[in-house]
S.K.: 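One structure, as structure tokens, below. Some questions next.
Every chain is numbered from 1 and lettered A, B, ... according to where its sequence line falls, protein lines coming before strand lines. Just so it is clear, the structure is predicted and the values come from calculations on it, not from any experiment.
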Amino acid sequence: MNLKNFYNKNYIRTTFIFLFIFQLFFLLFTMEVKADGLKKAKDTVELLLSEAKIHATETIHLDPIIRTKQIKSLIEKYINIDFMARATTGPFWKKATNLQKQSYKSALLNQIINTIEVHLNKLSNLTYKTIKTEPRGTKLIYIRGIIEDLDKVQPSVNLLWKVALNKESNYQILDLEIENISLISSHKAETTSLLRRNKGNFDILIEKLNKTK
Amino acid sequence: MNKFNYIQIFFLISLFLINGCSNNISSNVTTLDPFESLNRKVFYFNKKLDDKIINPISKSYAENIPEKARNSIGSHLEWMNLPNTIINSTLQLNVENTILTSAKFLLNGLTLGFYDLDNNETKVIKKDFGSTLAKYKVPEGPFLMVPFLGPKTTRQFSGFIVDQQNHSNMISGKVDNINLIEQPIKIIHSREKLSDTIDSIYKSSDPYIKMRSFYLQNRRSTVNSNKKNRKLELEKDYEFEKFLQ
């Protein structure tokens with residue numbers, strides 16, 4: 001029996017066709033899942049910025065404490081503080097106690113809030129545009145965007161957001177690179193240097209972070 | 001050859017030697033800072049200088065000079081630096097950048113660079129001798145904090161000296177004249193432009209480390225080839241995935 005006759009036997013042909021269709025469906029399904037993930041990740045970044053913009057204009061006359069509280073909830077929704085805390089302390093994270101971990105996370109959150117509060121009022125005159133979204137490895141998604149000044153006075157700024165699913169399967173931001181300067185990398189350099197000089201003492205790091213409010 | 005040239009050559013040779021001794025221990029990931037304690041002292045000297053002199057002047061520069069005039073000054077300073085980009089693009093065999101920069105330099109020469117006649121349409125990639133050295137695989141070398149000039153790698157600092165010499169030779173026969181006027185204006189203008197970033201660095205828990213990190217990340221991304229930058233991104237991705245587990 002030659003190869004053609006073998007293929008022509010009905011059951012072999014049906015199996016091949018079935019396998020081909022199955023593969024096609026599987027490919028389409030995974031492509032759709034990936035595209036859906038990319039869209040959701042892109043939406044996360046755009047929603048954060050639009051909500052921050054609304055927040056900047058609507059809460060300008062509010063009490064600063066209430067304003068800070070609102071920013072805090074915004075950050076907790078869109079930024080993965082847990083990841084940031086682990087990534088910025090590197091190998092020292094495992095050596096910290098649960099209490100130290102919690103204190104460090106809240107100190108980090110306060111630092112982010114302070115940074116955002118300083119720059120919040122500038123947001124109203126800027127526009128953000130997503131340029132490219134790309135999956136990286138199995139978990140990460142890169143979202144490249146650009147911030148432009150409406151008055152064209154300031155030069156445009158390139159941004160790179162790194163987004164991934166959190167434990168609750170929501171997309172959250174892990175890192176932001178502004179003109180190739182990563183917030184995680186620069187914060188990590190600072191914290192690990194402090195920890196190294198103080199023999200891994202987390203309390204000194206937390207105290208220092210709280211002082212730099 | 002005058003005394004100044006001898007000092008410059010001696011200085012360059014010492015920098016290359018420091019660079020050579022440092023070797024290239026995968027210098028894109030690790031930070032080579034063997035002179036940290038000395039660098040910290042210089043950093044705090046520069047900071048004091050900034051607090052007392054440069055920052056107050058740059059603030060009054062921002063308050064008293066209209067934004068358009070400041071933009072013109074910035075544009076002129078960039079134009080003055082274009083010949084260096086032309087030379088270094090040629091040395092790096094980047095023909096497109098050489099042609100574009102030359103065209104931009106000639107066009108804006110009509111206004112001495114004070115007004116950008118092509119409305120920033122031509123995107124020129126700034127090149128200095130440090131980037132040329134990087135292109136030819138000269139190692140980055142240790143990190144240096146230079147008095148008055150701020151953060152540099154030894155490679156960039158060697159390049160900076162060569163660039164300054166080229167620049168002065170092209171614009172004026174005398175080294176001192178043009179630098180005496182240009183450098184202070186450049187420092188004040190850059191300080192004003194980067195005021196938010198510099199202030200945020202000074203407010204951090206370890207300003208020296210933050211300054212070093214900002215500088216190195218920015219410098220590496222501009223000097224490295226695309227291939228090297230992609231490799232670095234992959235390394236970062238791997239690290240991120242580890243923390244996501």
Side-chain angles (χ1 to χ4, degrees), chain A residues 80 82-90 93 107 111 114-115 118-119 122 134 136-140 142 151-156 158 160 162 164-167 174-175 177-194 196-197 204-213, chain B residues 28-31 33 36-37 40 66-68 70-71 74-75 78 116 119-121 123 143 193-197 199-224 226 229-230 232-245:
Chain A
N80 193 335
D82 188 61
F83 170 86
M84 279 190 164
R86 274 181 289 131
T88 52
T89 47
W93 183 250
Q111 272 219 329
N114 289 336
T115 316
V118 171
H119 299 285
K122 292 175 193 166
E134 54 176 309
R136 306 277 299 193
T138 49
K139 290 169 183 167
L140 273 175
Y142 274 17
D151 300 332
K152 302 265 173 205
V153 176
Q154 299 296 330
S156 48
N158 292 306
L160 166 63
K162 293 181 183 178
L165 283 172
N166 64 3
K167 283 172 191 163
L174 306 179
D175 188 18
E177 279 187 18
I178 305 169
E179 289 291 342
N180 300 311
I181 295 174
S182 151
L183 295 186
I184 292 268
S185 298
S186 41
H187 199 79
K188 188 181 177 184
E190 214 180 321
T191 49
T192 47
S193 151
L194 263 168
R196 231 168 250 147
R197 276 188 288 140
I204 296 174
L205 170 71
I206 295 159
E207 199 189 309
K208 279 243 177 186
L209 278 182
N210 287 330
K211 263 188 197 167
T212 52
K213 272 182 187 178
Chain B
N28 279 310
V29 189
T30 49
T31 305
D33 193 358
E36 188 175 334
S37 59
R40 275 187 189 272
E67 195 160 11
K68 276 193 176 168
R70 274 184 279 136
N71 286 340
S75 172
E78 267 183 30
D116 191 357
N119 265 335
N120 227 354
E121 290 294 317
K123 297 284 175 216
F143 175 77
K193 276 255 167 197
L194 299 170
S195 64
D196 280 353
T197 316
D199 292 344
S200 84
I201 288 171
Y202 286 160
K203 278 180 197 160
S204 68
S205 55
D206 191 341
Y208 169 76
I209 296 287
K210 194 146 204 166
M211 171 79 88
R212 191 181 70 185
S213 171
F214 273 21
Y215 165 76
L216 287 176
Q217 285 186 66
N218 181 267
R219 182 71 193 163
R220 283 167 184 169
S221 70
T222 47
V223 160
N224 284 350
N226 288 340
N229 278 334
R230 272 198 297 273
L232 275 178
E233 274 188 349
L234 281 174
E235 279 170 19
K236 272 191 202 169
D237 287 356
Y238 175 70
E239 207 178 315
F240 269 45
E241 292 217 351
K242 254 187 354 193
F243 285 114
L244 274 170
Q245 277 162 6

S.K.: Which answer fits Ile178(A), side chain, backbone, both or neither, if we ask what part of it has an atom under 4.5 Å from a heavy atom of chain B?
M.R.: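 The answer is neither part of Ile178(A).
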S.K.: Would you call Asp82(A)-Arg86(A) a salt bridge at under 4.0 Å N-O?
M.R.: yes
S.K.: Of the backbone (N, CA, C, O) and the side chain (C-beta and beyond), which part of Glu233(B) lies under 4.5 Å from a heavy atom of chain A, both, or neither?
M.R.: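 For Glu233(B), the contact with chain A is made by backbone and side chain together.
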S.K.: Using heavy-atom distances under 4.5 Å, tell me whether Ile184(A) contacts chain B through its side chain, its backbone, both, or neither.
M.R.: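 Just its side chain gets close to chain B.
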S.K.: Taking every non-hydrogen pair under 4.5 Å, which of Gly90(A), Ala189(A), Ala87(A) racks up the most with chain B?
M.R.: Ala87(A)
S.K.: Would one find more than 12 heavy atoms of other residues, nucleotides or ligands at under 6.0 Å from atom OH of Tyr238(B)?
M.R.: no
S.K.: Given Ser205(B), which partner from the list Lys208(A), His187(A), Glu190(A) fulfils the side chain to side chain donor-acceptor pair (under 3.5 Å) test?
M.R.: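 For Ser205(B), the side chain to side chain donor-acceptor pair (under 3.5 Å) check succeeds only for Glu190(A).
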S.K.: My understanding is that only residues two or more places apart in sequence, or in another chain, count here; which of them pass side chain to side chain contact (heavy atoms under 4.5 Å, CB included) with Ala85(A)?
M.R.: Trp93(A), Tyr104(A), Lys105(A), Leu108(A)
S.K.: Between Thr222(B), Asn218(B), Asn229(B), which has the largest tally of heavy atom pairs under 4.5 Å with chain A?
M.R.: Asn218(B)
S.K.: Among Thr191(A), Leu194(A), Asp175(A), which has the most heavy-atom pairs under 4.5 Å with chain B?
M.R.: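 Most heavy-atom pairs under 4.5 Å with chain B: Asp175(A).
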S.K.: Count the heavy-atom pairs under 4.5 Å between each of Lys162(A), Lys167(A), Glu179(A) and chain B, then report the option with the highest count.
M.R.: Lys162(A)
S.K.: Counting only non-hydrogen atoms closer than 4.5 Å, does Ser193(A) touch chain B with its backbone (N, CA, C, O), its side chain (CB onward), both, or neither?
M.R.: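 Contact with chain B involves the side chain of Ser193(A) alone.
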S.K.: Does any heavy atom of chain B fall under 4.5 Å from the side chain of Ala164(A), the backbone, both, or neither of them?
M.R.: side chain
S.K.: Of the backbone (N, CA, C, O) and the side chain (C-beta and beyond), which part of Thr115(A) lies under 4.5 Å from a heavy atom of chain B, both, or neither?
M.R.: neither
S.K.: Do NZ/NE/NH1/NH2 and the carboxylate oxygens of Asp206(B) and Arg212(B) come within less than 4.0 Å?
M.R.: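 No salt bridge links Asp206(B) with Arg212(B).
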S.K.: With a 4.5 angstrom heavy-atom cut-off, which part of Lys236(B) approaches chain A: side chain, backbone, both or neither?
M.R.: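 Side chain only.
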S.K.: Classify the angle between the aromatic ring planes of Phe143(B) and Tyr215(B) as parallel (below 30°), tilted (30 to 60°) or perpendicular (above 60°).
M.R.: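 Correct class here is tilted.
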S.K.: Does Arg136(A) reach the side chain of Phe240(B), with side-chain heavy atoms less than 4.5 Å apart?
M.R.: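 The answer is no, as the side chains (C-beta and beyond) never meet within the 4.5 Å cut-off.
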S.K.: Considering only heavy atoms, which portion of Lys188(A) lies under 4.5 Å from any heavy atom of chain B: side chain, backbone, both, or neither?
M.R.: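 Looking at Lys188(A), just its side chain touches chain B.
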S.K.: Measuring from Ile204(A):CD1 to Leu209(A):CG, what's the distance to the nearest 0.5 Å?
M.R.: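 Separation between the atoms: 12.5 Å.
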S.K.: Determine the minimum heavy-atom distance between Asn180(A) and Gln217(B), stating which atoms define it.
M.R.: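 Here Asn180(A) and Gln217(B) meet closest at O-OE1, 3.7 Å.
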S.K.: Using heavy-atom distances under 4.5 Å, tell me whether Ile181(A) contacts chain B through its side chain, its backbone, both, or neither.
M.R.: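 Answer is both: backbone and side chain atoms of Ile181(A) are under 4.5 Å from chain B.
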